[in-house]
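Reviewing the structure listed below.
Chain identifiers are assigned alphabetically (A, B, ...) following the order of the sequence lines, protein sequences preceding nucleic acid strands; residue numbering begins at 1 within each chain. Treat the numbers as computed from the prediction; the structure is a model and nothing was measured.
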Amino acid sequence: MLPPKDSFSEWYHELIQQAEIMDIRYPVKGLYVWLPFGFKIRQLVYSKLREILDRDHQEVYFPTLIPEDMLMKESEHIKGFEDEVYWVTHGGLEPLEVKLALRPTSETAIYPMFKLWIRSHADLPIKIYQIVNVFRYETKHTRPLIRLREVTSFKEAHTAHRTYEEAEEQVKSAIEIYKEFYDFLIIPYLIFKRPEWDKFPGADYTIAFDTLMPDGRTLQIGTVHNLADNFAKTFDIKYETPEGDHAYVHQTCYGISERCIASLIAIHGDDLGLILPFEVAPVQIVIIPILYKGKEEGVLELSRRLYERLKNFRVVLDESDERPGAKYYKWELKGVPIRFEIGPKEYENDEVVVSFRDERRKFRVKFDEVSDDLILKWAKEMRERLRSRAIESVKGKVVFCESLDDVAKSVEGRRLALVHVCEKCERELESYGSVLGQMQEKPDWLNVELEGECVVCRGKGYLVGVAKTY
RNA sequence: GGGGCCGUAGGGUAGCCUGGUUAUCCUCCCGGCUUUGGGAGCCGGUGACCCGAGUUCAAAUCUCGGCGGCCCCA
């Protein structure tokens with residue numbers, strides 16, 4: 001039994017373990033073990049991310065260790081991270097002459113190499129990415145997949161371009177990539193430009209994707225940074241223009257971590273456990289034979305025939321020695337989208353019983369009608385249902401506010417407050433919650449205006465989000 | 001950043017205040033019988049006092065430190 005999803009913290013904590021996503025008992029704070037089932041979800045989710053990126057990025061791998069002098073080069077950047085860097089100080093018993101940092105992110109590892117790689121305008125643009133672990137000494141509450149000391153699945157892309165405009169185009173392109181990725185996972189998001197005081201250390205500006213967790217707090221699930229030529233100046237990354245001059249490159253970087261999987265779990269799951277979109281479910285179909293004494297043979301024969309027919313999918317035939325009800329609960333907990341039940345009645349009529357994870361009804365189909373096409377049709381229909389459900393759930397937690405009082409009440413009641421404000425007054429909102437920044441585009445499920453009268457000074461304002469955050 | 005609570009089998013717990021027998025109960029796990037259309041039942045079995053130091057004839061229980069976890073507030 002799982003705690004109800006209304007008690008979100010407890011539900012999440014238990015589900016992560018019961019569904020065998022992670023083992024949280026590893027004896028170091030903020031570090032967790034990926035179990036086979038969870039790791040399979042990770043692999044399926046990240047394959048999609050790779051597929052999208054591989055269209056015009058190249059995957060690379062940079063070292064985990066960064067020498068102190070390299071890490072410390074960009075002063076604004078390091079100020080943002082210095083209190084949470086892990087240091088390697090010894091090699092065996094010998095103290096190291098130059099301390100080595102466990103990367104908190106890889107800008108300072110990658111950009112010195114960019115300096116070596118980039119000589120002329122013909123070398124640009126460069127678009128690379130890597131999926132690696134990064135380390136941050138978090139002092140706040142750690143939580144599996146959400147706040148970690150070792151982020152195990154940090155996808156970071158880094159690009160270099162000739163001009164600021166080209167970098168800005170890349171920011172837009174990265175936003176499109178993230179939209180495609182989260183649409184694939186059926187996770188609703190809002191896109192904000194973070195306020196000046198909350199941008200990535202060293203960036204010109206930061207665009208962030210936020211989603212809403214069931215308890216009404218926002219979760220940042222992706223960021224895109226325009227670095228302009230800030231790092232290029234620090235790391236002296238220049239190229240020769242067609243005219244023979246030398247100019248600094250303009251860069252971007254953008255990241256997604258395993259928080260995407262946290263949001264997948266949190267947005268779709270219910271009181272019974274995980275609900276996984278068909279495409280990322282480690283088990284897409286489960287077949288449960290119902291074995292009455294003396295009638296096992298035909299039932300097993302039909303079950304195995306169905307199993308063979310569905311082998312183009314990730315399918316499990318559960319012949320274990322448990323009662324059918326126990327198996328239903330088990331596979332529902334693990335989010336299996338489609339379940340077949342086959343008992344003596346079905347065997348006699350050459351039928352199967354079908355049930356979808358997101359609905360509770362059961363129905364029968366003739367065995368001969370079951371085909372790959374039918375499964376895919378069901379998967380597609382389920383995707384639409386999950387989409388409406390996810391949007392309804394998120395929509396109910398977003399409130400447009402016309403006064404500061406409204407903002408206070410909404411954030412206090414664990415809602416995301418949207419409010420018009422001008423640049424001068426934006427910071428005043430900080431006393432009510434985290435200021436997510438200026439909304440960049442209106443999702444089709446939300447009915448608000450991106451521009452309006454500033455709630456504080458009644459001047460010309462833009463739409464800003466305020467919420468409690470993870 | 002500030003405050004509070006807690007650590008007993010794989011998981012959840014009782015015992016701790018008031019130190020003293022073989023450490024309670026549920027679940028999981030293993031073996032057997034039996035059963036199977038929404039978490040079956042019976043019998044038998046394995047398995048624990050976070051680590052270190054101190055106080056004491058005696059520590060799960062008291063004290064200190066470490067490590068780990070949870071909650072609230074900024």
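- Identified under the salt bridge (Lys or Arg N to Asp or Glu O under 4.0 Å) test for residues 405-429 of chain A, with sequence neighbours left out: A:R427-A:E430.
- A nucleotide of RNA chain B counts as in contact with chain A when one of its atoms lies under 4.0 Å from a heavy atom; the first and last such, 5' to 3', are B:G1 to B:A74.
- Map A:E412 and A:E296 each onto its nearest nucleotide of RNA chain B; the residue landing nearer the 5' end is A:E296.
- Screening residues 301-338 of chain A for ring-ring contact (aromatic ring centres under 6.0 Å, His included), with sequence neighbours left out, gives A:F278-A:F313.
- Listed by first then second residue, pairs satisfying salt bridge (Lys or Arg N to Asp or Glu O under 4.0 Å) with a partner in residues 130-149 of chain A read A:E138-A:R147, not counting sequence neighbours.
- If you check B:U56 for Watson-Crick or wobble pairing at under 3.5 angstrom, you find it has no partner at all.
- By the side chain to side chain contact (heavy atoms under 4.5 Å, CB included) test, A:E297 is found to be paired with no residue, residues two or more places apart in sequence or in another chain being considered.
- Contact check of residues 9-25 of chain A against RNA chain B (heavy atom, cut-off under 4.0 Å) returns A:S9, A:R25.
- The nearest heavy atom of RNA chain B to A:R339 and to A:D321 marks one nucleotide each, and the one closer to the 5' end goes with A:D321.
- Taking a pair to require two hydrogen-bonding distances under 3.5 Å in either a Watson-Crick or a G-U wobble arrangement, B:U46 remains unpaired.
- Qualifying salt bridge (charged side-chain N to carboxylate O under 4.0 Å, His left out) partners for A:E441, counting only residues two or more places apart in sequence or in other chains: A:K179.
- Residue pairs meeting the ring-ring contact (aromatic ring centres under 6.0 Å, His included) criterion with at least one member in residues 363-385 of chain A, sequence neighbours excluded, are A:F356-A:F363, A:F356-A:W378, A:F363-A:W378.
- Near RNA chain B, meaning a heavy atom under 4.0 Å away, the residues from residues 136-147 of chain A are A:T139, A:K140, A:H141.
- Under the Watson-Crick or G-U wobble criterion, with both distances below 3.5 Å, B:U34 has no partner in any strand shown.
- Residue pairs meeting the salt bridge (Lys or Arg N to Asp or Glu O under 4.0 Å) criterion with at least one partner in residues 272-287 of chain A, sequence neighbours excluded, are A:E279-A:R383.
- Residue-level contact check: A:K295 touches neither bases nor backbone, having no heavy atom under 4.0 Å from any strand.
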I'd like a table of donor-acceptor pairs (distance under 3.5 Å, sequence neighbours excluded) in which one partner is a side-chain atom from residues 77-88 of chain A, with atom names and distances.
from	atom 1	to	atom 2	distance (Å)
A:H77	ND1	A:P201	O	3.1

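- Within the structure, salt bridge (Lys or Arg N to Asp or Glu O under 4.0 Å) contacts touching residues 14-35 of chain A (residues at least two apart or in different chains) are A:E20-A:K334, A:D23-A:R25.
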